[in-house]
Asker: 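Just passing along the structure, written as structure tokens.
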Amino acid sequence: MSVTELRASGAVYPTPKVTADTLLQKKRSGNPISAITAYDVPTARLVDEAGIDVVLVGDSLGMVVLGYDNTLPVTMEEMLHHTRAVARGLRRGFLVADMPYGSYHGSAEEAVRNAIRFVKEAGAHAVKIEGGQCRAELVRRLTDAEVCVVGHIGLTPQSVHRLGGYRVQGRTAEAMDRLCADARGLEEAGAVAIVLEGIPRELAAKITADSGVPTIGIGAGPECDGQILVFHDLFNLTFSPTAKFSRQYADGAAFFKEALVRYRDDVTGRRFPSDEESYHLPREVRAAFDAVELSPRRVRKA
Ligand code: KIV
């Protein structure tokens with residue numbers, strides 16, 4: 001192994017990379033972990049430059065970028081394609097790729113093969129799988145295969161049909177016990193972090209306090225070790241109402257739309273491009289060009 005300096009554009013990149021151990025140290029020292037989704041190079045660059053710790057190529061991609069009704073149709077090839085793009089834009093963040101529905105629900109051999117593709121072909125640092133105790137054996141096998149695994153319990157969007165919709169989970173004593181056992185099972189199996197989605201704040205706080213690995217919440221209250229949101233929710237880019245737990249930090253839709261309307265008006269009003277935005281012939285060629293008379297058919301009407 002050679003330990004080379006991390007370089008970006010020829011210069012030494014000063015910030016150390018985030019690893020699974022960084023996340024664990026943050027939990028232990030009480031420093032919150034920031035996480036967000038990204039699906040392409042520009043968003044990966046922005047997220048990285050903002051100093052966000054964990055970048056998830058979520059299968060929410062299917063809904064916010066690809067326009068599916070839910071996350072179920074997302075394929076391995078789509079996830080690999082976008083994970084590769086994010087990996088190319090990232091210098092510092094811990095890159096987690098969501099394993100899509102169906103890619104880890106068959107044989108363990110197939111699941112391990114698919115997970116390894118994310119690491120080997122797409123540059124992911126970890127994969128995320130949905131489910132609790134029922135995934136513990138798979139988490140063990142993936143960990144044995146040197147794949148870091150992030151668990152995901154509570155409101156698991158790939159179970160939308162079984163759950164009967166996107167509903168807050170863990171609201172009964174039995175469901176609470178089950179989720180606590182799920183978190184414990186994932187930790188014991190080797191998960192490096194656990195996403196807690198759509199569960200009561202009190203339950204998330206208990207799981208977080210009991211857990212030896214970081215919890216990252218979405219709709220799970222402020223006591224989790226970290227928080228994650230979907231990029232497009234932050235910027236009003238989903239074209240649908242946002243969930244109660246989400247917070248809009250800027251109106252990206254209004255920002256882009258206003259610029260697009262100005263662009264359209266400049267094009268239709270012949271204000272774009274200007275002469276400064278145009279290329280010109282060299283002076284000597286221009287003289288020869290001016291001497292050539294254009295046929296009247298080709299002269300544009302003023
Ligand atoms: O797919 C996704 O974006 C996710 C996060 C919401 C945790 O799983």
Side-chain angles (χ1 to χ4, degrees), residues 23 32-40 43-44 47 52-76 78-83 85-86 93-105 115 118 122 124-132 135 148-160 163 165-170 179 182-183 186 191-199 204 207-208 213-221 224-235 237-238 240 242-249:
L23 305 181
I33 296 161
S34 54
I36 194 164
T37 64
Y39 313 100
D40 55 24
T43 50
V47 161
I52 290 176
D53 300 314
V54 177
V55 183
L56 169 69
V57 186
D59 60 357
S60 50
L61 159 83
M63 297 172 79
V64 298
V65 174
L66 303 179
Y68 299 140
D69 285 340
N70 54 47
T71 60
L72 303 180
V74 178
T75 65
M76 273 294 295
E78 286 166 341
M79 288 305 302
L80 287 167
H81 177 77
H82 286 270
T83 304
V86 171
F94 187 65
L95 175 54
V96 183
D98 246 344
M99 292 193 68
Y101 178 62
S103 68
Y104 59 97
H105 301 79
F118 280 104
H125 304 139
V127 297
K128 177 166 80 59
I129 61 176
E130 297 184 8
R135 303 278 175 247
C148 286
V149 184
V150 174
H152 183 163
I153 57 173
L155 196 177
T156 45
Q158 292 176 8
S159 325
V160 60
L163 298 177
Y166 299 109
R167 302 209 176 104
V168 175
Q169 301 295 302
L179 283 167
D182 282 341
L186 290 171
V192 299
I194 304 171
V195 169
L196 305 179
E197 178 165 357
I199 64 173
I207 292 174
T208 300
V213 295
T215 61
I216 301 178
I218 173 163
C224 298
D225 297 308
Q227 298 292 331
I228 184 162
L229 283 178
V230 170
F231 184 94
H232 290 61
D233 285 338
L234 247 81
F235 296 106
L237 292 173
T238 62
S240 56
T242 44
K244 168 191 166 91
F245 60 77
S246 199
R247 187 180 293 179
Q248 190 187 303
Y249 280 85

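All ligand and atom numbering here is 1-based and tracks the order in the structure. The structure presented is a predicted model; accordingly, all values stated were derived computationally and were not measured. Just the heavy atoms: all of them, side chains too, but no hydrogens, waters or symmetry mates, feed the values below.
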Asker: Find the distance between CG (Asp98) and NE2 (His82) and round it off to the nearest 0.5 Å.
Answerer: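 Asp98 atom CG to His82 atom NE2 measures 13.0 Å (nearest 0.5 Å).
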Asker: Indicate yes or no: at least one non-hydrogen side-chain atom of Leu196 is less than 4.5 angstrom from one of Ile153.
Answerer: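 Side-chain contact under 4.5 Å: yes.
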Asker: Report all N/O contacts between ligand 1 and the protein shorter than 3.5 Å as a table of atom names and distances to 0.1 Å; if there are none, say 'none'.
Answerer:
from	atom 1	to	atom 2	distance (Å)
ligand 1	1 (O)	Asp59	N	3.2
ligand 1	1 (O)	Asp59	OD1	3.0
ligand 1	1 (O)	Ser60	N	3.0
ligand 1	1 (O)	Ser60	OG	3.3
ligand 1	1 (O)	Asp98	OD2	3.1
ligand 1	3 (O)	Ser60	OG	2.5
ligand 1	8 (O)	Lys128	NZ	2.9

Asker: Tell me if a side-chain donor or acceptor on Tyr104 pairs with a main-chain N or O of Glu130 at a distance below 3.5 Å.
Answerer: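 Yes, because the side chain of Tyr104 sits within donor-acceptor range (under 3.5 Å) of the backbone of Glu130.
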Asker: Between OH of Tyr166 and OG1 of Thr156, what distance do you get to the nearest 0.5 Å?
Answerer: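 Reported to 0.5 Å precision, the distance equals 10.5 Å.
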Asker: Could you list all the salt bridge (charged side-chain N to carboxylate O under 4.0 Å, His left out) pairs where at least one residue sits in residues 224-235, not counting sequence neighbours?
Answerer: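 Listed once each, the pairs are Lys27-Asp225.
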Asker: Is there a side-chain contact between Phe118 and Val57 (heavy atoms, below 4.5 Å)?
Answerer: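 Not touching, per the 4.5 Å side-chain cut-off.
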